[in-house]
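As the structure is a computational prediction, the values presented were derived from the model and not from experiment.
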Amino acid sequence: MDILSIVAWASLALAFVCALWISLNEFRHPQKMWIMNIVWPVTALYFSVFALWAYYGIGRHMTVDSQPRPSQPKQQGPTPSQVAVSTSHCGAGCALADVVAEFVVFAAGLALFGVSLFASFALDLIAAWLLGIAFQYFTIKPMRNLSAREGLAAAIQADTLSIIAFQIGMYAWMALVFFVLFPGPHLRPNQAAFWLMMQIGMIAGFFTSYPMNRWLLKRGIKEAMG
């Protein structure tokens with residue numbers, strides 16, 4: 001086993017341990033917003049120990065049994081933690097969709113314009129949009145007390161730009177991996193190194209989506225959490 005594979009397996013193992021740790025903790029201390037019980041472990045699958053740190057710093061204050069924090073002075077715009085939670089919420093839907101889409105493309109041997117990466121991009125975007133909107137729907141509908149139709153419309157408005165921004169960051173990294181770092185043979189989803197690259201790509205997506213989420217929160221298009 002080469003060094004890259006060892007590093008990849010170690011990174012994946014650590015991420016899964018962090019996700020499992022959060023899931024077990026959520027079993028005892030569920031989140032007030034049930035969808036966040038999925039968001040936090042999924043975020044740990046690519047942010048690993050940093051997601052675990054954020055969960056204890058932010059997520060544990062969003063549980064049904066958490067104690068109210070002392071009132072803080074009001075400030076203009078969303079806080080960095082609120083933006084981070086909103087971005088991770090969007091990223092969780094994208095991450096789950098990307099994992100499923102990558103396996104589908106690989107198993108079916110799909111290609112677009114003769115390139116498997118382009119097929120992944122197309123399917124990733126469709127799946128990420130559908131799942132991302134679903135995640136946002138189950139957040140924004142109860143927070144605004146909307147009907148099903150109103151909730152769906154609000155979710156589409158709130159998360160479409162955020163999802164696109166996340167995918168842009170991930171696509172840029174994966175294109176670099178595909179065409180520059182591993183031009184041949186390409187990494188495949190049945191290799192640990194592929195998923196290490198995907199972890200990095202999702203982190204890149206988080207950072208490209210962060211400014212968009214801040215803007216959406218500041219405009220009141222998305223609801224602040226955390």
Side chains of [X] and [Y] in contact at under 4.5 Å (non-hydrogen atoms):
X: D124; Y: M174; answer: no
X: I133; Y: T160; answer: yes
X: T87; Y: R214; answer: no
X: N213; Y: H89; answer: no
X: F178; Y: V115; answer: yes
X: I156; Y: W129; answer: yes
X: I203; Y: F50; answer: no
X: D65; Y: R28; answer: no

Between [X] and [Y], what is the shortest heavy-atom contact and its length?
X: T43; Y: S88; answer: OG1-CB, 3.7 Å
X: L117; Y: A175; answer: CD2-CA, 3.9 Å
X: K222; Y: C90; answer: NZ-CB, 4.3 Å
X: A92; Y: F135; answer: CB-CE2, 3.8 Å
X: A19; Y: P41; answer: CB-O, 3.4 Å
X: G93; Y: L131; answer: O-CD2, 3.5 Å

Between [atom1] on residue [X] and [atom2] on residue [Y], distance to nearest 0.5 Å:
X: F194; Y: L4; atom1: CZ; atom2: CG; result: 13.0 Å
X: H61; Y: H29; atom1: NE2; atom2: NE2; result: 12.5 Å
X: M33; Y: M62; atom1: CE; atom2: CE; result: 7.5 Å
X: Q157; Y: I140; atom1: CD; atom2: CD1; result: 7.5 Å
X: L176; Y: F182; atom1: CG; atom2: CZ; result: 10.0 Å
X: L45; Y: L20; atom1: CG; atom2: CG; result: 10.5 Å

Once you measure the plane-to-plane angle for F206 and Y210, does it fall in the parallel (<30°), tilted (30-60°) or perpendicular (>60°) bin?
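Rings of F206 and Y210: tilted, as their planes differ by 30° to 60°.
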Assess whether atom CZ of F179 is packed by more than 12 heavy atoms of other residues, nucleotides or ligands within 6.0 Å.
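Yes, enclosed.
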Just checking K32: does its NZ atom have more than 12 heavy atoms from other residues, nucleotides or ligands closer to it than 6.0 angstrom?
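Check passes, neighbour count above 12.
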Is there a continuous path of hydrophobic side-chain contacts, each under 4.5 Å between heavy atoms, that joins [X] to [Y]?
X: F16; Y: L24; result: no
X: F47; Y: V7; result: yes
X: V85; Y: I38; result: yes
X: V83; Y: Y46; result: yes
X: I35; Y: I163; result: yes

Does any N or O in the side chain of [X] come within less than 3.5 Å of the main-chain N or O of [Y], such that one atom is a donor and the other an acceptor?
X: E102; Y: S120; result: no
X: S11; Y: A8; result: no
X: S86; Y: Q82; result: no
X: W195; Y: P189; result: yes
X: N37; Y: Q31; result: yes
X: Q167; Y: I164; result: no
X: Y171; Y: F121; result: yes
X: W173; Y: M197; result: yes

After noting the C-alpha distance and the side-chain angles of I221 and W215, does the key distance pass the side-chain contact (heavy atoms from CB on, under 4.5 Å) rule?
CA-CA 9 Å; I221 299 173; W215 180 81; 4.1 Å; yes
Show your reasoning for whether side-chain contact (heavy atoms from CB on, under 4.5 Å) applies to M202 and V99.
CA-CA 11 Å; M202 291 172 185; V99 169; 4.2 Å; yes
Using only heavy-atom distances, determine whether the side chains of [X] and [Y] contain a donor-acceptor pair under 3.5 Å.
X: W40; Y: E26; value: no
X: S162; Y: S209; value: yes
X: H186; Y: S116; value: no

In sequence, state the C-alpha distance, the side-chain angles, and the governing distance for W9 and L196, and then conclude on side-chain contact (heavy atoms from CB on, under 4.5 Å).
CA-CA 8 Å; W9 278 115; L196 172 63; over 6 Å; no
Evaluate side-chain contact (heavy atoms from CB on, under 4.5 Å) for N25 paired with Y56, printing each intermediate quantity in order.
CA-CA 10 Å; N25 196 271; Y56 277 98; 3.4 Å; yes
